[in-house]
Undergrad: 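My questions will all concern the structure given below.
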2 protein chains.
Amino acid sequence: MRTSGTRERRRGEVNAALLATAKKELAQVGAAGLSVRAVAREMGMAPSALFRYISGRDELLTLLIVDAYDDLGDHVEAAEAAVPRSDVRGRWRAIATSFHEWSVANPHEYALLYGSPVPQYHAPADRTTPSGTRVTTLLAALGMEDPTPPPRPAFLHLPDASQLRDLALAADVPEMEGERLISGLLAWTTLVGAVSSELFEQLGEPVARLDTLFAAAVALGEWLLFGADGRLPA
Amino acid sequence: MRTSGTRERRRGEVNAALLATAKKELAQVGAAGLSVRAVAREMGMAPSALFRYISGRDELLTLLIVDAYDDLGDHVEAAEAAVPRSDVRGRWRAIATSFHEWSVANPHEYALLYGSPVPQYHAPADRTTPSGTRVTTLLAALGMEDPTPPPRPAFLHLPDASQLRDLALAADVPEMEGERLISGLLAWTTLVGAVSSELFEQLGEPVARLDTLFAAAVALGEWLLFGADGRLPA
DNA sequence: ACTGATACGAGAACAGTGTTCGCATTTATC
DNA sequence: GATAAATGCGAACACTGTTCTCGTATCAGT
């Protein structure tokens with residue numbers, strides 16, 4: 001039995017401070033500019049001392065990725081939970097808008113999660129997957145909610161959708177069939193594509209006002225998921 | 001009048017060799033792993049000597065970005081030009097598939113162009129824009145080709161599409177109206193989103209076979225651009 | 001309470017990076 | 001041929017991630 005435990009407590013405190021200052025650094029200079037020495041400096045510790053808590057820069061990145069995924073997951077899940085369960089279209093819009101909100105508020109974190117991966121570093125799947133699939137899992141569950149899916153246009157009926165079964169398994173909806181799966185994936189990739197276009201400024205310089213493009217992506221996703229509807233997007 | 005010109009010729013050769021080995025390095029280790037010293041090493045020159053040809057690492061990146069944009073532009077333009085002008089849907093499919101092909105063949109270059117931007121570095125617009133807008137300009141011209149656009153669903157009719165007029169101007173189609181503009185932008189961002197999802201492995205690990213998702217994105221883009229059609233995508 | 005083990009922080013050191021500066025040497029111009 | 005400009009190189013500076021050693025502080029067992 002440990003009695004005092006000042007050692008464990010201090011270890012926890014340093015771990016927390018480490019993650020906190022690393023997050024601050026990430027938000028300021030981005031993932032590629034993140035420096036172990038700078039983090040140590042701001043913590044008032046020697047750089048070598050940090051290696052008692054992390055195995056190296058890669059693990060620091062992994063920590064930040066998982067933390068960002070969870071932060072995003074909290075934000076999106078909370079927004080989705082605030083919408084009445086019966087309003088499936090509203091729940092989709094809540095997911096999309098909160099995802100967009102979080103991304104605009106945390107651009108460097110978004111780049112870390114959905115931008116080009118950091119070279120020479122491959123995130124360990126066993127640590128990032130649980131947090132990384134939270135929002136897609138939420139979306140998948142929403143896509144399965146409608147018991148009678150709307151008739152979808154012919155181009156969504158692809159012959160070999162069985163290739164994507166692994167993705168349905170990963171999102172906890174093994175019974176999702178081809179058309180629904182394709183629709184959900186397209187809604188998701190469209191959303192990510194629109195946000196990336198906006199944040200990474202891929203459409204040229206004067207892109208301050210891309211709200212309209214994002215609204216269109218949300219509307220397209222809604223149509224993909226739940227079919228046509230008379231009402232215009234908010 | 002210059003007579004011999006061995007100086008100019010050598011300068012051209014070194015410039016070419018510099019770009020060539022930088023490209024090789026980029027293809028192997030990616031943008032963030034690109035090292036000026038490594039390039040100098042492979043060229044058999046001192047690192048400091050390279051600064052006679054580039055102002056720094058940033059300009060090397062700019063060079064690579066412009067080169068990659070042009071390589072992509074050549075590839076896509078050639079593929080699009082090989083399709084009969086009357087077959088607008090086929091031309092869209094050629095653009096999308098050749099874009100996908102090039103991206104899979106040059107993942108690091110794709111990440112440089114359409115992934116998260118390199119931190120502390122902002123590409124000078126006056127140098128990257130001409131090459132960077134080639135494929136979107138091609139797409140915009142294609143979107144304007146159909147004199148009688150198909151009736152589009154209500155969710156594509158957004159009230160304040162005028163915000164995006166700058167984008168139409170940048171793509172050399174100032175007369176493009178709201179619905180067409182939105183449709184084209186959605187087709188484009190969906191395409192980029194699908195390719196990014198595949199290349200950056202954002203949908204989990206076992207994503208070898210995402211051809212179906214990409215095919216669906218192409219079909220969705222075709223529908224956005226030219227409306228419904230009985231035929232299934234190839 | 002004392003001892004042996006263990007965890008911890010610091011400092012020096014190594015290899016690597018981007019970049020600058022001064023000095024030779026080669027080329028171009030008059 | 002003399003003068004000016006362009007070029008390559010080596011040393012140096014300020015960084016980076018990481019490893020190793022070495023005291024010291026805390027723990028566990030008696």
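Hydrogens, waters and symmetry mates play no part in the numbers below; they use all other heavy atoms, side chains included. Order of the sequence lines sets the chain letters (A, B, ...), proteins ahead of strands, with each chain counted from 1.
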Undergrad: Rounded to whole angstrom units, what separation is found between the CD1 atom of B:Ile54 and the C1' atom of C:dT20?
TA: 14 Å
Undergrad: Nearest to the side chain of A:Thr6, which nucleotide is it out of D:dG17, D:dC27, D:dT7?
TA: D:dC27
Undergrad: Would you say B:Ser55's side chain and B:Phe51's backbone share a donor-acceptor pair under 3.5 angstrom?
TA: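 No, the answer is negative, given that no donor and acceptor are paired below the 3.5 Å cut-off.
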Undergrad: Nearest to the side chain of A:Arg57, which nucleotide is it out of D:dT18, D:dC9, C:dC8?
TA: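 Of the options given, the side chain of A:Arg57 lies nearest D:dT18.
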Undergrad: Hey, does the side chain of A:Arg11 come within less than 4.0 Å of C:dA7's phosphate (OP1/OP2), counting only N and O?
TA: no
Undergrad: Specify the separation, in whole Å, of atom CG of A:Asn15 and atom C1' of C:dA7.
TA: 14 Å
Undergrad: Give one of base, sugar-phosphate or nothing for A:Ser35, where a contact means two heavy atoms less than 4.0 Å apart.
TA: sugar-phosphate
Undergrad: Can you check the A:Phe51 CZ to C:dG9 C1' distance for me, whole Å?
TA: 14 Å
Undergrad: Does a side chain donor of either B:Tyr110 or B:Ser196 reach within less than 3.5 Å of an acceptor in the other side chain?
TA: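 The criterion, which ignores hydrogens and geometry beyond distance, is satisfied for B:Ser196 and B:Tyr110.
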Undergrad: Quick check on C:dT29: is either OP1 or OP2 less than 4.0 Å from any side-chain nitrogen or oxygen of B:Arg7?
TA: no
Undergrad: Base, sugar-phosphate or nothing for A:Leu34? Non-hydrogen atoms, less than 4.0 Å.
TA: sugar-phosphate
Undergrad: Tell me the interatomic distance from B:Met45, atom CE, to D:dG10, atom P, rounded to whole angstroms.
TA: 11 Å
Undergrad: Base, sugar-phosphate or nothing for B:Arg52? Non-hydrogen atoms, less than 4.0 Å.
TA: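 Base: the residue B:Arg52, judged by heavy atoms under 4.0 Å, touches a nucleobase.
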Undergrad: Contact class for A:Arg37 (heavy atom, under 4.0 Å): base, sugar-phosphate, or nothing?
TA: base
Undergrad: Do B:Asp172 and B:Thr137 have side-chain atoms, one donor and one acceptor, less than 3.5 Å apart?
TA: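 There is no such pair between these side chains.
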Undergrad: Name the closest nucleotide to the B:Ala49 side chain, picking from C:dG9, D:dC9, C:dG11.
TA: D:dC9
Undergrad: Write down the distance between CG (B:Leu50) and P (D:dC9), rounded to a whole number of angstrom.
TA: 9 Å
Undergrad: In terms of side-chain heavy atoms, does B:Ser197 have a donor or acceptor partner in A:Thr189 at a distance below 3.5 Å?
TA: no
